[in-house]
Amino acid sequence: MDILVRGGTLPDGTQADIAITGDRITAIEPGITAEAGDVIDATGKLVSAPFCDVHFHMDATLSYGRPRVNASGTLLEGIGLWGELKRLQSKEDIVTRALTYCREAVGKGVLAIRSHVDVTDETFNTVEALLEVRETVKDVLDLQLVAFPQDGWYRTPGAEDQVVRALDAGVDVVGGIPHFERTMADGAASVTAACTLAAERGLRVDLHCDESDDPLSRHIETLAAETIRFGLQGRTAGSHLTSMHSMDNYYVAKLLPLIAEAQVAAIPNPLINITLQGRMDSYPKRRGLTRVPELRAAGVTVAFGQDCVKDPWYPLGSGDMLDVAHMGLHVALMTAPDQMRAAFTMVTDTPAEIMGLDFGLETGKRASLVVLDAPDPVEALRLRPVRLAVISNGKVVARTEPARTTLHAF
């Protein structure tokens, strides 16, 4: 074998060695004695599937402060700032920033990212840049791109044509932003248009859906219904869904079974949802994160996304999906032991499932995994430790020495 990860603790608590030959996991069992070219001692350490970020904006990342800082901290001012930045940045600038972020993310064990790319940039620099980045990182990082009309499918003249142009160029997923259209009717029509296009091309759908404090923003209902009508079950996702935080319970009781029946995945983004929503409230101030425990209890697939790092919407972020899950479990009140373990899967196995990736700690799966300096998933969430080793497609792509502190006290 090429690599042997020895003595690690898997997320379910079992201890096993993991043998890797080529780009595949060839054995997971205790006490493997065969020789390997590289032996990684993971005794007492957590070995997990790689982290996956199923919602991100790589064309805007690391651009914070350009052209100026988001003074109000609101979603709408961020969209306005991004509109200005689109006219200022070059393709080379986008590529440089995106590759810098990809390197940081891989070091944190992130081996898959779904990035929404704004196709309403008339120069098409955003799409061309991220297609170039996808090609550059493909051997290490799965970069899945969403054709995202940031300024609205119908609100912006020619946006629908730009979505098609992006898909023709090789972008993977159909996107949209129905709550940003001029009217509810246009928003619903944009959902239908996105699902029609995806059904025609055999693609997945991922819509920015109801990223609003308005409880009457209910485009997730249309997305679920159209998913069923077009036979897209298991291929669609509603990202954000923050309006559900403010909906009345009677309506949500009707909505949750519909989402589950349609097999529409939910992708909340805790760091950003908690920051952007509720800005117009006094007190009590709504927190904006969608109903994560209730969605999961209804049988809906739920994964957490990072969304933003140092861009017009958010001044912080590091690409560490453990930070995302840590915030998510706090805001969603998921502090029971099984809930915290679930939060860990919501940044590893579950987003990989939504993206359709062949990840997982199973024989025959792609040899992509992470060794963390923590004994189990809950401790990993508590400590957000270093990733001692990151293996992508059978190759060690990152190593980090554990931090050591010498105390001169007590």
Side-chain angles (χ1 to χ4, degrees), residues 54-55 74-76 116 175-181 183-185 187-188 190-191 194-195 205-228 232-234 236-281 284-308 313 324-325 327-335 339 342-343 346-347 350-351 354:
V54 72
H55 188 102
T74 62
L75 172 66
L76 293 179
H116 295 253
I177 185 168
H179 57 277
F180 194 60
E181 301 292 348
T183 66
M184 289 288 187
S190 75
V191 174
C195 289
V205 177
D206 188 340
L207 303 185
H208 282 60
C209 204
D210 304 324
E211 188 181 4
S212 169
D213 289 325
D214 179 6
L216 297 181
S217 184
R218 298 177 172 183
H219 296 295
I220 180 58
E221 178 183 72
T222 305
L223 177 58
E226 295 294 69
T227 293
I228 295 171
L232 296 170
Q233 292 94 329
T236 64
S239 289
H240 296 294
L241 305 181
T242 58
S243 67
M244 198 182 298
H245 181 93
S246 303
M247 292 173 181
D248 68 82
N249 290 335
Y250 183 88
Y251 176 69
V252 172
K254 166 195 168 185
L255 179 61
L256 294 180
L258 176 61
I259 299 172
E261 178 188 349
Q263 299 174 42
V264 174
I267 306 174
N269 301 283
L271 291 169
I272 313 308
N273 295 155
I274 198 69
T275 302
L276 294 180
Q277 305 310 131
R279 288 279 182 171
M280 296 183 182
D281 291 358
K285 190 181 291 288
R286 289 170 292 177
R287 308 315 299 130
L289 189 71
T290 194
R291 303 188 187 204
V292 175
E294 292 81 1
L295 283 160
R296 296 187 68 251
V300 177
T301 299
V302 185
F304 288 140
Q306 168 79 62
D307 199 6
C308 302
W313 295 274
V324 175
M327 176 62 81
L329 72 86
H330 279 82
V331 183
L333 305 179
M334 295 172 59
T335 52
Q339 291 176 321
M346 290 165 66
V347 292
T350 307
I354 293 171

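The shown structure was predicted, so the numbers you read here are calculated from the model rather than taken from an experiment.
- Separation of atoms CG (Asn269) and CG (Asp307) is listed at 4.0 Å; rounding is to 0.5 Å.
- Side-chain contact between Met346 and Arg296 is present, with heavy atoms from C-beta onward closer than 4.5 Å.
- The side-chain contact (heavy atoms from CB on, under 4.5 Å) test applied to Thr301 returns Ala265, Thr350, Glu353, Ile354, not counting sequence neighbours.
- Considering only residues two or more places apart in sequence or on other chains, Thr335 meets the side-chain contact (heavy atoms from CB on, under 4.5 Å) condition with Leu329.
- Under the 3.5 Å distance criterion, with hydrogens and angles disregarded, a donor-acceptor pair is assigned to the side chains of Ser239 and Asp206.
- Side-chain contact between Val191 and Leu207: present, with at least one pair of heavy atoms (C-beta onward) separated by less than 4.5 Å.
- The list of salt bridge (Lys or Arg N to Asp or Glu O under 4.0 Å) pairs with a residue in residues 208-219, not counting sequence neighbours, reads Arg218-Asp248.
- Aromatic ring orientation, His240 versus His55: perpendicular (interplanar angle above 60°, classes split at 30° and 60°).
- Residues that satisfy the side-chain contact (heavy atoms from CB on, under 4.5 Å) test with Ile274, not counting sequence neighbours, are Arg287, Met327, Val331.
- By the side chain to side chain donor-acceptor pair (under 3.5 Å) test, Thr236 pairs with Thr227, sequence neighbours left out.
- What you find for Gly175 and Ala194 is that their closest heavy atoms are O-CB, 4.3 Å.
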Donor-acceptor contacts under 3.5 Å from residues 250-260 side chains, at least two apart:
residue, atom, partner, partner atom, Å
Tyr251, OH, Glu221, OE2, 3.2
Lys254, NZ, Glu221, OE2, 3.3

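- Note that the OG atom of Ser190 and the CD atom of Glu181 stand 4.5 Å from one another [nearest 0.5 Å].
- Under the 4.5 Å side-chain criterion, counting only non-hydrogen atoms from C-beta, Phe304 is in contact with Val292.
- No donor-acceptor distance shorter than 3.5 angstrom exists from the side chain of Ser212 to the backbone of Ser217, with no hydrogens or angles considered.
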